[in-house]
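Here's the structure, in structure tokens; my notes come after.
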Amino acid sequence: MVWKWLGALVVFPLQMIYLVVKAAVGLVLPAKLRDLSRENVLITGGGRGIGRQLAREFAERGARKIVLWGRTEKCLKETTEEIRQMGTECHYFICDVGNREEVYQTAKAVREKVGDITILVNNAAVVHGKSLMDSDDDALLKSQHINTLGQFWTTKAFLPRMLELQNGHIVCLNSVLALSAIPGAIDYCTSKASAFAFMESLTLGLLDCPGVSATTVLPFHTSTEMFQGMRVRFPNLFPPLKPETVARRTVEAVQLNQALLLLPWTMHALIILKRYGAGGGSSGSGSCWPLPLLPVDPGGEEASGKRKYPGD
């Protein structure tokens, strides 16, 4: 345990210096951004929240066509009209990504109506916001089907054609909770950890596939409807992210072909601390670490027994 801490004291500042220097070099010598003018982008959970902001950002950066998937037609319609007013062709389809057959059928309809999808953004997600013993079984299953298995189905639906074209990008809007769980959101943390492993394996598998890449985005707490009631321990040090910021940085990561994006950059420090067991349990395994998040407010809507599924 002592040697772990000594190693952390030596390695931690070096890793932080490396990250700062890397960021500084990026500011001075910005990399060339990928041209999006020939790309057809599909965003799951695209009707609101981060999904809506992603649609705006891709449109502003010149994407050829944008396709929105979700379960709430009113939100999808509103976002579609907004994107069309920006001068970008946009279509929406009602689709529950947790339903495998529905995903495959809707993907076929997209190809027939819009054409090949070259950038897939898996953004749809739900959160139940309760402990295991207080959770309804159906709600737990819903989280796993949408947050994790949905990415299997959408990727299987669109990746084969990307490989044929040697042009494609798979994006996963994940969460820092995939790396460090909090109490009171066991369904969400578990599903996001599974999705992270899925993307890690997929990214490695695509290394030998020319023209096709993947990006995993791990944002800190973001101010969206889905996380109303989430509290932060140190709000001045760790203010919630804005959806616009997450969307902008995500699209930039796609254009830079960046495999992993942590938001904000301070999350790198917390991951390093976890690696070396900082704040760990009695075993020093690093199983608990100082992520400055608290569970959904127990006095909020979640505690009343009402379920919220605002992910799309």
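The residues of the chain are indexed from 1 along the displayed sequence. This is a predicted model, so every value here is computed, not measured.
A search for ring pair (Phe, Tyr, Trp, His ring centres under 6.0 Å) contacts involving Phe196 returns nothing, not counting sequence neighbours. Residues that satisfy the side chain to side chain donor-acceptor pair (under 3.5 Å) test with Ser131, not counting sequence neighbours, are Asp134. Remark: Glu60 engages no residue in a side chain to side chain donor-acceptor pair (under 3.5 Å) (not counting sequence neighbours). For Cys90, the side chain to side chain contact (heavy atoms under 4.5 Å, CB included) partners two or more places apart in sequence, or in a different chain, are Ile66, Leu68, Thr80, Ile83, Arg84. With sequence neighbours left out, Arg161 forms a side chain to side chain donor-acceptor pair (under 3.5 Å) with Asp116, Glu164. The side chain to side chain donor-acceptor pair (under 3.5 Å) check on Ser213 picks up Asn257, with sequence neighbours excluded. Taking Arg61 as the reference, Glu57, Glu252 meet the salt bridge (charged side-chain N to carboxylate O under 4.0 Å, His left out) condition, with sequence neighbours excluded.
For the residue pair His169/Thr215, the side-chain donor-acceptor check at 3.5 Å is satisfied. A donor-acceptor pair shorter than 3.5 Å cannot be found between the side chains of Thr118 and Asn167.
Between Lys74 and Glu78 there is a salt bridge, since at least one side-chain N of the basic residue sits less than 4.0 Å from a carboxylate O of the acidic one.
Screening residues 134-153 for ring-ring contact (aromatic ring centres under 6.0 Å, His included) gives Phe152-Phe198 as the qualifying pairs, with residues at least two apart or on separate chains. Annotation: salt bridge (Lys or Arg N to Asp or Glu O under 4.0 Å) contacts involving residues 33-46, sequence neighbours excluded, comprise Arg34-Glu39. Sorted by first then second residue, the side chain to side chain donor-acceptor pair (under 3.5 Å) pairs that include residues 190-208, not counting sequence neighbours, are Asn147-Ser191.
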Going by atom type alone, with no hydrogens or angles, which donor-acceptor pairs under 3.5 Å involve a side-chain atom of residues 103-115 and a protein atom two or more places apart or on another chain?
residue : atom : partner : partner atom : Å
Thr106  : OG1  : Glu102  : O            : 2.7
Arg111  : NH1  : Ala157  : O            : 3.0

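With side-chain heavy atoms closer than 4.5 Å counting as contact, directly or through intermediates, the hydrophobic cluster containing Leu204 also holds Leu207.
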